[in-house]
Student: 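One structure coming up, written as structure tokens, with questions to follow.
All figures in this text were calculated on a predicted structure; none of them were measured in a lab. Scope of the values below: all heavy atoms of this structure, side chains included, with no hydrogens, waters or symmetry mates.
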2 protein chains.
Amino acid sequence: MNKHDLFQQFVAFTATLHQVTQTLTQNVKLDHITALQYKILEYIQVSQAVTATEISDCLHISLPNTSRELRKLQERKLIEKTNDKLDRRKQVIRLTIDGEKMMTEAFACIEEQFSQLIQGASQKDVEAISEALAVLEQKVFQNKGQ
Amino acid sequence: MNKHDLFQQFVAFTATLHQVTQTLTQNVKLDHITALQYKILEYIQVSQAVTATEISDCLHISLPNTSRELRKLQERKLIEKTNDKLDRRKQVIRLTIDGEKMMTEAFACIEEQFSQLIQGASQKDVEAISEALAVLEQKVFQNKGQ
DNA sequence: TCCACTACTTATCATTTGATAACAAAACGA
DNA sequence: TCGTTTTGTTATCAAATGATAAGTAGTGGA
């Protein structure tokens with residue numbers, strides 16, 4: 001196995017994962033939340049407190065478009081912005097209680113689909129999958145920066 | 001590690017992989033090919049010969065929209081449709097020589113980015129990554145159907 | 001033969017997303 | 001202090017995507 005073969009395998013894997021992800025999430029009816037808004041909410045949830053610039057950089061959305069989507073999410077009371085004390089240009093963005101509730105519900109729905117996907121997995125399989133995910137996180141995504 | 005924890009890990013992993021994928025592919029300038037068209041071309045390439053319905057099902061694009069994108073790709077001479085001898089309703093879709101060339105170039109570009117991502121990986125790491133991908137393919141995507 | 005069904009197309013419309021220009025406010029460095 | 005950079009906003013336009021209705025042609029079963 002050389003790096004070229006690994007690349008081929010990685011591409012195929014990625015394509016499959018994208019399809020699976022879409023299958024898992026397609027039944028989640030999130031009351032007028034678009035795919036992009038969902039991605040933003042998901043990012044905020046895992047990162048806890050972020051700025052608009054961080055969202056823009058990490059999700060590869062231009063800052064004006066990020067700002068627009070954040071405004072919509074704020075109007076829907078799913079996120080809230082608070083001023084950064086140290087740098088008053090910045091805004092710290094967090095999920096509101098409503099936002100967290102919505103994401104929790106969405107995750108519950110996705111988790112149900114997910115558990116069907118791995119229903120055949122034994123305890124040993126679960127450990128193996130977890131270990132595999134950890135390996136990829138560590139060895140591939142380690143320096144994912146910029 | 002129970003299945004709920006595994007789900008959490010899986011979600012975080014998926015989000016990260018989406019970001020990494022976008023980073024890898026964002027410099028690929030494919031001469032007026034959209035993201036959706038790229039996905040379709042990628043799917044055709046790995047599957048070799050497919051029908052419109054298969055693309056529609058696997059990529060979760062409605063058949064009318066699939067048909068529209070395929071027409072555009074055909075106009076650009078990137079794919080070709082041939083009639084199925086056994087069932088004349090069906091059309092077998094393949095990449096043209098031009099289409100294959102374009103995908104090969106795109107992959108070369110992405111592979112360059114990818115190799116930067118794993119530049120620090122030793123031979124042993126490469127084997128470990130490959131093994132991890134195989135585990136996930138086998139234990140998670142195994143029955144990804146419908 | 002007739003009817004229901006599948007595979008695909010065309011057309012149309014609304015919505016989402018991307019891209020860009022222009023702006024304001026704060027920070028930062030010389 | 002003054003010019004530059006960073007952070008974010010609003011506005012506007014074009015393009016991509018999603019959704020749906022309606023239609024054609026072929027298949028296959030009763």
Student: Hey, which sits more toward the 5' end of DNA chain C by its nearest nucleotide, A/Ile61 or B/Thr66?
Tutor: B/Thr66
Student: Only pairs at least two apart or in different chains count here, so list each salt bridge (Lys or Arg N to Asp or Glu O under 4.0 Å) that has a residue in residues 94-105 of chain A.
Tutor: none
Student: Just grab all the salt bridge (Lys or Arg N to Asp or Glu O under 4.0 Å) pairs involving residues 110-130 of chain A, residues at least two apart or on different chains.
Tutor: A/Asp125-B/Lys139
Student: Expected output is a numbered-order residue list: members of residues 37-56 of chain B with a heavy atom under 4.0 Å from any atom of DNA chain D. What is it?
Tutor: none
Student: Which one of B/Leu59, B/Leu63, B/Asp57 satisfies the side-chain contact (heavy atoms from CB on, under 4.5 Å) criterion with B/Ile61?
Tutor: B/Leu59
Student: Could you state the atom-to-atom distance from CD of B/Gln74 to C1' of C/dT9 in whole Å?
Tutor: 12 Å
Student: Can you sort out the partners of B/Asp87 under salt bridge (Lys or Arg N to Asp or Glu O under 4.0 Å), two or more places apart, ordered by chain and number?
Tutor: B/Arg89
Student: Give the rounded distance in Å between these two atoms: NE2 of A/His32 and P of C/dA14.
Tutor: 16 Å
Student: Under the side chain to side chain contact (heavy atoms under 4.5 Å, CB included) rule, collect the residues that match up with A/Asp5, sequence neighbours excluded.
Tutor: A/Met1, A/Asn2
Student: Show me the pairs that pass ring pair (Phe, Tyr, Trp, His ring centres under 6.0 Å) and involve residues 11-32 of chain B, at least two apart or across chains.
Tutor: A/His18-B/His18, A/Phe141-B/Phe13
Student: Taking side chain to side chain contact (heavy atoms under 4.5 Å, CB included) as the test, write out the residues that go with B/Glu42, two or more places apart.
Tutor: A/Val11, A/Ala15, B/Tyr38, B/Met103, B/Phe107
Student: Tell me which residues in residues 79-93 of chain A lie within less than 4.0 Å of DNA chain D, going by non-hydrogen atoms.
Tutor: A/Lys81, A/Arg89, A/Lys90, A/Gln91
Student: Can you find a heavy atom in the side chain of A/Leu78 that is under 4.5 Å from one in the side chain of A/Leu95?
Tutor: no
Student: What residue pairs, at least two apart or across chains, pass salt bridge (Lys or Arg N to Asp or Glu O under 4.0 Å) with a residue in residues 63-79 of chain A?
Tutor: A/Glu69-A/Lys72, A/Arg71-A/Glu75
Student: Any side-chain to backbone donor/acceptor pair from B/Ser56 onto B/Ala52? Under 3.5 Å, distance only.
Tutor: no
Student: Mind checking A/Leu63 for me? I need base, sugar-phosphate or nothing, with any heavy atom below 4.0 Å counting as a touch.
Tutor: base
Student: Name all residues meeting the side chain to side chain contact (heavy atoms under 4.5 Å, CB included) criterion together with A/Glu54; count only those two or more places apart in sequence or in a different chain, and write none if there are none.
Tutor: A/Tyr43, A/Val50, A/Thr51
Student: Scan nucleotides 19-21 of chain C against the protein and return all N/O pairs shorter than 3.5 Å with their distances rounded to 0.1 Å.
Tutor:
residue, atom, partner, partner atom, Å
C/dA19, N7, A/Asn65, OD1, 3.4
C/dA19, N7, A/Asn65, ND2, 3.1
C/dA19, N6, A/Asn65, OD1, 3.2

Student: Tell me whether the side-chain N/O atoms of A/Arg71 come closer than 4.0 Å to OP1 or OP2 in D/dT10.
Tutor: yes
Student: CD of A/Glu69 versus P of C/dT15: gap in Å, rounded?
Tutor: 15 Å
Student: Report for the helix from C/dT1-D/dA30 to C/dA30-D/dT1: angle between first-end and last-end helix axes, five pairs each, rounded to 10 degrees.
Tutor: 30°
Student: With rounding to the nearest 0.5 Å, note down the distance linking CG in B/Leu117 to CD1 in B/Ile110.
Tutor: 12.5 Å
Student: Tell me the interatomic distance from B/Ile33, atom CD1, to D/dA16, atom C1', rounded to whole angstroms.
Tutor: 13 Å
Student: What is the distance, rounded to the nearest whole Å, between atom CG of A/Leu59 and atom P of C/dT16?
Tutor: 18 Å
Student: Do A/Asn83 and A/Arg88 touch side chain to side chain, with heavy atoms closer than 4.5 Å?
Tutor: no
